[in-house]
Amino acid sequence: MSEQTPGRRAGRVMWVLAWGAGLLLATHFFGGWEDRQRNPNQAPQSVHGDGFVEVSLTSSRQGHYVVDGQIDGQKVTFLLDTGATQVAIPSQVARDLGLQAGAPVQIRTANGLATAHRTRLASLRLGDIELRDVAALIAPGMDGDEVLLGMSALKQLEFSQKGGTLVLRQSTLQ
């Protein structure tokens with residue numbers, strides 16, 4: 001059995017390292033690509049006009065409007081849901097945000113009746129759109145970390161949808 005020369009051994013080590021680096025870069029690239037497919041609105045851009053601010057959202061591959069925003073200055077991911085009466089926050093997300101659970105209330109979900117707790121959000125932000133003192137529910141049994149952005153927030157905005165784009169508009173005139 002012949003022994004490898006030091007140059008040949010170093011070449012094989014470099015080849016393995018190059019393949020490892022390539023796989024790492026591909027994983028990073030495709031992981032980011034997958035995140036952008038699920039949430040194409042990770043950094044929503046705002047447009048300011050005379051008396052309004054607008055945020056345009058692109059639908060995800062599944063046809064949903066998912067957008068990163070903030071609740072009380074902390075980053076969250078919203079899933080817009082015009083069928084939801086209130087903003088609905090999964091229990092774990094509410095704990096992470098430090099939200100206080102208020103009065104219990106019965107809610108009807110796809111899985112039947114559940115007991116949620118009322119809470120209020122001092123601020124809710126989507127790009128440069130900011131809503132104050134928003135009614136919300138801390139909802140038990142919600143999977144994941146997406147906050148359902150329901151009508152308790154959306155009724156304060158004008159919105160229109162066309163061709164896979166949803167435009168949210170807030171009047172800045174008081």
Side-chain angles (χ1 to χ4, degrees), residues 28-103 105 107-110 116-174:
H28 176 72
F29 172 78
F30 286 110
W33 177 81
E34 186 177 46
D35 286 346
R36 287 187 299 281
Q37 296 299 306
R38 185 187 63 77
N39 178 1
N41 306 295
Q42 295 180 13
Q45 300 298 310
S46 301
V47 174
H48 294 262
D50 189 21
F52 69 89
V53 61
E54 284 183 350
V55 173
S56 294
L57 305 176
T58 303
S59 66
S60 70
R61 290 182 71 183
Q62 294 78 28
H64 299 124
Y65 292 99
V66 179
V67 59
D68 286 349
Q70 295 179 356
I71 291 178
D72 297 342
Q74 297 180 66
K75 184 179 175 187
V76 296
T77 300
F78 293 106
L79 172 63
L80 277 71
D81 185 353
T82 58
T85 306
Q86 301 281 323
V87 172
I89 305 166
S91 298
Q92 183 58 51
V93 174
R95 277 191 291 278
D96 293 345
L97 294 171
L99 297 176
Q100 297 299 312
V105 60
I107 60 171
R108 186 173 312 277
T109 70
H117 290 87
R118 296 183 191 276
T119 193
R120 302 243 13 131
L121 309 176
S123 73
L124 185 151
R125 193 170 188 87
L126 300 165
D128 288 345
I129 291 176
E130 184 171 13
L131 305 175
R132 298 264 181 204
D133 193 31
V134 178
L137 295 175
I138 299 171
M142 277 181 67
D143 293 331
D145 59 357
E146 290 178 344
V147 174
L148 293 183
L149 189 63
M151 291 306 293
S152 62
L154 293 172
K155 70 181 179 184
Q156 300 177 51
L157 305 171
E158 294 176 35
F159 53 95
S160 61
Q161 177 187 3
K162 185 175 181 180
T165 299
L166 179 70
V167 177
L168 302 172
R169 179 184 275 212
Q170 180 183 37
S171 174
T172 55
L173 302 174
Q174 301 300 328

- Item | Side chain D72, main chain A122, donor-acceptor under 3.5 Å | yes
- Query: Minimum heavy-atom separation for F159 to L168, with atom names?
  - Reply: CB-CD2, 3.6 Å
- Query: What are the two closest non-hydrogen atoms of H64 and L79, and how far apart are they?
  - Reply: CB-CD1, 3.6 Å
- Check side chain to side chain donor-acceptor pair (under 3.5 Å) between E54 and all other residues, then give those that pass, not counting sequence neighbours. R169
- Task: Could you pull out all residues at least two apart from Q74 that satisfy side chain to side chain donor-acceptor pair (under 3.5 Å)?
- Result: none
- Item | Residues, nucleotides or ligands: over 12 heavy atoms within 6.0 Å of D133 CG | yes
- Query: What's the shortest heavy-atom distance between N39 and T77, and which atoms?
  - Reply: ND2-CG2, 3.9 Å
- Does any N or O in the side chain of Q45 come within less than 3.5 Å of the main-chain N or O of A43, such that one atom is a donor and the other an acceptor? yes
- Of all heavy-atom pairs linking V55 and D128, the shortest is CG2-N, 4.3 Å
- Query: Considering the options L124, V76, V134, which one meets the side-chain contact (heavy atoms from CB on, under 4.5 Å) requirement together with L149?
  - Reply: L124
- Item | K75: salt bridge (Lys or Arg N to Asp or Glu O under 4.0 Å) partners, not counting sequence neighbours | D68
- Task: Enter the distance from L154:CG to E158:CD here, rounded to the nearest 0.5 Å.
- Result: 12.5 Å
- Compare every heavy atom of S56 with every heavy atom of T165, then report the nearest pair and how far apart it is. CG2-CB, 4.2 Å
- Message: So which atom in M151 and which in T82 form the shortest heavy-atom distance, rounded to 0.1 Å?
- Response: CG-O, 3.5 Å
- Residue pairs meeting side chain to side chain donor-acceptor pair (under 3.5 Å), one or both in residues 85-98, sequence neighbours left out, come to Q92-R95, Q92-D96
- Check step by step if side chain to side chain contact (heavy atoms under 4.5 Å, CB included) holds for Q42 and V67. CA-CA 6 Å; Q42 295 180 13; V67 59; over 6 Å; no
- Task: Supply the atom-to-atom distance I71 CD1 to L99 CG, rounded to the nearest 0.5 angstrom.
- Result: 6.5 Å
- Kindly write out the residues that satisfy salt bridge (Lys or Arg N to Asp or Glu O under 4.0 Å) with D50, not counting sequence neighbours, or none if the list is empty. none
- Query: When you look at L97 and L121, which way does the side chain to side chain contact (heavy atoms under 4.5 Å, CB included) test go after all the steps?
  - Reply: CA-CA 10 Å; L97 294 171; L121 309 176; 5.9 Å; no
- Does L148 reach the side chain of I89, with side-chain heavy atoms less than 4.5 Å apart? no
- Message: Would you compute the distance between atom OG of S152 and atom CG of L137 and round it to the nearest 0.5 angstrom?
- Response: 7.5 Å
- Note on the structure: When L126, I129, V53 are each screened for side-chain contact (heavy atoms from CB on, under 4.5 Å) with S46, the one that passes is V53
- Message: Once salt bridge (Lys or Arg N to Asp or Glu O under 4.0 Å) is applied, do any residues pair with R132, and if so which ones, sequence neighbours excluded?
- Response: E130
- Query: Is S59 close to Y65 at the side-chain level, that is, under 4.5 Å between some pair of heavy atoms?
  - Reply: yes
